[in-house]
J.: 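Can you keep this structure in mind? I'll have questions shortly.
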Amino acid sequence: MLEQTVKARVIKASVSPATKQMYQDDFANLYGDIIEPPYNLKELKLIGEYSSILQQCVDAYKTNIVGFGVEAERKLDVNSDEIDKTKKEQAETEYTRLGEFVRYLNLDESPEIVLGYVIDDKEKTGNGYLEILRDGIGTPVGIEYVDSQYMRVCKKTVPEEVEYTIYENGIEKKVKRWKRFRKYVQLVDEKKVFFKEYGDPRIMDLSTGKFNDRTPEHLQATEIFHFKIGSETYGKPRWIGNLISLYGARKAEELNLMYFKNGRHIPAAITVSNGKLDDTSYEALQGYMNDLQGTDNAHKFLLLEAMGTVEEKMINGDEKVTPVKVEIKSLAEVLQQDALFLEYDENTRRKIRSSFRLPPLYTGEAQEFSRATADTARKVTEEQVFQPERKTLARTLNALFLEPLGFKYVKLSIKGADFHDPVEISKVLTPFIQAGAVAPNDLRGLLGQVLGKKIEPFGDEYNIPIQILRGQVENDPLSQILSIQKSDEKQSDLINLLKDIRDVLEMRS
């Protein structure tokens, strides 16, 4: 009895080899006093270029936190009669100085753009750095953006005594405490520069990182303020838990790209019964798979030749060959459907947005929003996300600059989005207007918003609630002329009233 054997060969297209690149950390041999970050900062900084959703979330944070402007704001109501003249004058002077300080905080770009760069780094890498510049007398005068991927944090130094200004029962008071400051180091093109933490009173050599009071002014290190997410030495991005999903979505998109680039190839099993493929057919099949790329090869035909098995030799020298049967069976049913990748991508986008606590409206996906749901989403996000972030940043900036600049009656304020709807406000004001609780000038600003132009207020003699003004008119004898209608039954009343007015005027003359 003859044995039957089954042979199988796998034919696949040749693929490009995997990358052999390695991540090079320029600080690799310097860690010790310099603390190593928990993640690859360069990769985190560039990962927004490989994601279809991360950059939109970061841009939404930048726009809604600092995009509406940084401005000076008074702490006192200068129009109040309870504030004495000296405080009013000092408040106005500080307001002017702070406005000029904000305007020239960076001579090349606006403060909003510089702070936007810091927020961009903070949301991508978990860390943002701001360089604080001082003038010759030690007063802060400017800020500069520092790229987070080139910065590293050093261990804390020995304690240093620092003086602070606080208020106790409204009275200014000086206190001292011991604090341990950090050093920071930047490495670009193998050149190392040291910085000291903001508020460190010691003089540091920027090239060595050592504290030396004899350091020349042009070699003295400037100060760094570290914005970070979390309480550890280095911050961590709020989306770091979804890092695998982000990479998976990228791989899914690369797979789809190769699908469209190479053309769709349906996997199939080629079965040969009672025979075998010769070497020429095998090589032709391998070449067919290797060339299966691009639209030019989308409609190629494949010719396979098979040799039958010799059963026996005849007496006359001929051979009896078994008929060969070649079948190509499709395996398309084992392919994953395209919809699975689309669903995976959508789930990834949803996860990233959730880590930022952003609704789709803020990332340009508003197809499923009505006006009511959009307004609710905006208000909730403003209340739960942007407003707390804005207040935290404003408190930080005020702590950095107000005390060194000596400001008492003004502060820095970061503006937010204006959610006031004049139409909705007018509906709310209707009962107050009817009750006589609103004067005309109270509504002139709102009217200007509706008409899109500036409207001057009325004089004080006309800035009276309409109900009160109407009562004054009704008590005026001359106003009775306005209430008389021109009809037959009222003509006599009009004539009598005019006669009375004539008599009064003659008596006064």
Side-chain angles (χ1 to χ4, degrees), residues 62 65-66 70-72 94 97-122 125 127-154 156-157 160 162-165 179-188 192-207 209-213 215-229 233-235 390 392-407 410-414:
K62 288 194 299 183
I65 294 176
V66 297
V70 180
E71 60 182 15
E94 290 185 1
R97 286 181 55 207
L98 186 57
E100 294 172 348
F101 172 77
V102 173
R103 181 178 179 182
Y104 301 109
L105 199 54
N106 186 283
L107 298 179
D108 298 319
E109 296 176 303
S110 66
E112 295 81 10
I113 293 179
V114 177
L115 293 174
Y117 293 153
V118 176
I119 293 176
D120 191 287
D121 279 0
K122 177 185 172 184
T125 68
N127 304 273
Y129 298 93
L130 196 65
E131 182 184 11
I132 314 296
L133 306 178
R134 295 180 184 265
D135 58 14
I137 59 175
T139 303
V141 293
I143 58 174
E144 293 287 344
Y145 160 71
V146 183
D147 197 336
S148 64
Q149 62 179 318
Y150 303 116
M151 291 292 293
R152 295 294 186 272
V153 182
C154 300
K156 291 185 176 181
T157 61
E160 182 72 15
V162 184
E163 185 178 76
Y164 292 90
T165 302
K179 180 179 179 180
R180 298 180 64 189
F181 292 93
R182 291 189 184 274
K183 293 188 291 185
Y184 298 88
V185 60
Q186 180 187 58
L187 184 62
V188 179
K192 192 164 48 175
V193 177
F194 285 89
F195 301 86
K196 61 181 183 179
E197 185 177 352
Y198 182 79
D200 192 337
R202 295 168 292 182
I203 297 176
M204 178 195 291
D205 190 318
L206 61 83
S207 59
K210 296 181 179 180
F211 296 100
N212 186 357
D213 294 340
T215 304
E217 185 175 354
H218 68 282
L219 294 179
Q220 294 180 8
T222 54
E223 295 166 273
I224 286 288
F225 187 84
H226 186 187
F227 295 86
K228 60 182 179 179
I229 300 176
T233 302
Y234 287 95
R390 207 179 291 124
T392 300
L393 180 58
R395 283 195 295 267
T396 300
L397 295 178
N398 286 320
L400 291 178
F401 299 122
L402 292 192
E403 181 182 339
L405 293 173
F407 293 143
V410 293
K411 63 180 180 179
L412 286 173
S413 175
I414 302 177

J.: Is the closest side-chain donor-acceptor distance between Glu71 and Ser413 under 3.5 Å?
T.: no
J.: For the residue pair Ile414 and Leu393, establish whether any side-chain heavy-atom pair is separated by less than 4.5 Å.
T.: yes
J.: Just so I know, are the side chains of Asp147 and Gln149 near enough to count as touching, which here means a heavy-atom distance under 4.5 Å?
T.: yes
J.: Taking the six-membered ring for Trp, is the centroid-to-centroid distance between Phe194 and Tyr184 below 6.0 Å?
T.: no
J.: Between Leu400 and Pro404, what is the shortest heavy-atom contact and its length?
T.: O-CG, 3.3 Å
J.: Is the shortest distance from a Lys or Arg side-chain nitrogen in Glu197 or Lys156 to a carboxylate oxygen in the other one below 4.0 Å?
T.: no
J.: How far does CG of Leu105 sit from CG of Leu412, to the nearest 0.5 angstrom?
T.: 8.0 Å
J.: State the OG1-CG distance between Thr139 and Leu133, to the nearest 0.5 angstrom.
T.: 13.0 Å
J.: For Phe227, which of Ile119, Thr392, Thr396 qualifies under side-chain contact (heavy atoms from CB on, under 4.5 Å)?
T.: Thr396
J.: For residues Tyr145 and Tyr117, report the shortest heavy-atom separation together with the two atoms involved.
T.: CD1-CB, 3.4 Å
J.: To the nearest 0.5 Å, tell me how far Tyr129 OH sits from Tyr150 OH.
T.: 14.0 Å
J.: Could you walk me through whether Phe407 and Leu98 pass side chain to side chain contact (heavy atoms under 4.5 Å, CB included), step by step?
T.: CA-CA 8 Å; Phe407 293 143; Leu98 186 57; 3.6 Å; yes
J.: Rounded to the nearest 0.5 Å, what separation is found between the CD atom of Glu144 and the CG atom of Leu107?
T.: 8.0 Å
J.: Within the structure provided, determine whether Ile224 and Lys196 are in side-chain contact (heavy-atom separation under 4.5 Å).
T.: no
J.: Would the number of heavy atoms belonging to other residues, nucleotides or ligands and lying under 6.0 Å from NZ of Lys179 be above 12?
T.: yes
J.: Working note: Val114 + Leu130, criterion side chain to side chain contact (heavy atoms under 4.5 Å, CB included); need CA distance, chi angles, decisive distance, verdict.
T.: CA-CA 9 Å; Val114 177; Leu130 196 65; 4.0 Å; yes
J.: To the closest 0.5 Å, what do you measure between OG1 (Thr215) and CG (Asp205)?
T.: 4.5 Å
J.: Please name the pair of heavy atoms, one in Asn127 and one in Ser148, separated by the smallest distance, quoted to 0.1 Å.
T.: O-CB, 3.4 Å
J.: Do you know which two heavy atoms are closest between Ile132 and Pro140, and how far apart they sit?
T.: CG2-CB, 4.3 Å
J.: Does any non-hydrogen side-chain atom of His226 lie less than 4.5 Å from one of Val153?
T.: yes
J.: Please report the C-alpha distance between Phe401 and Phe101 in whole Å, then the side-chain angles of each, then the deciding distance to 0.1 Å, and finally whether the ring pair (Phe, Tyr, Trp, His ring centres under 6.0 Å) criterion is met.
T.: CA-CA 10 Å; Phe401 299 122; Phe101 172 77; 5.2 Å; yes
J.: Using a 6.0 Å cut-off, check whether atom OH of Tyr164 has over 12 heavy atoms from anything other than its own residue.
T.: yes
J.: How close do Asp213 and Ile203 get, heavy atom to heavy atom, and via which atoms?
T.: O-CD1, 4.0 Å
J.: Atom CD in Gln186, atom CD in Glu131: separation rounded to 0.5 Å?
T.: 8.0 Å
J.: More than 12 heavy atoms of other residues, nucleotides or ligands under 6.0 Å from CD of Glu217: is that the case?
T.: no
J.: Show your working on side chain to side chain contact (heavy atoms under 4.5 Å, CB included) between Met204 and Gln220 and close with a plain yes or no.
T.: CA-CA 6 Å; Met204 178 195 291; Gln220 294 180 8; over 6 Å; no
J.: Evaluate the side-chain proximity of Met151 to Val146: yes if any heavy-atom separation is below 4.5 Å, no if none is.
T.: yes
J.: For a 4.5 angstrom cut-off between non-hydrogen side-chain atoms, does Leu219 reach Ser207?
T.: no
J.: Test your reading of the model: is there a side-chain donor-acceptor pair from Asn398 to the backbone of Ala394, 3.5 Å cut-off?
T.: yes
J.: So do the side chains of Thr157 and Lys183 get within less than 4.5 Å of each other, counting heavy atoms only?
T.: yes
J.: Using only heavy-atom distances, determine whether the side chains of Arg134 and Thr222 contain a donor-acceptor pair under 3.5 Å.
T.: no
J.: Considering all heavy atoms of both residues, which atom of Ile229 and which atom of Lys122 are nearest to each other, and what is their separation?
T.: CD1-O, 3.5 Å
J.: Between Ile143 and Val118, is any pair of side-chain heavy atoms under 4.5 Å apart?
T.: no
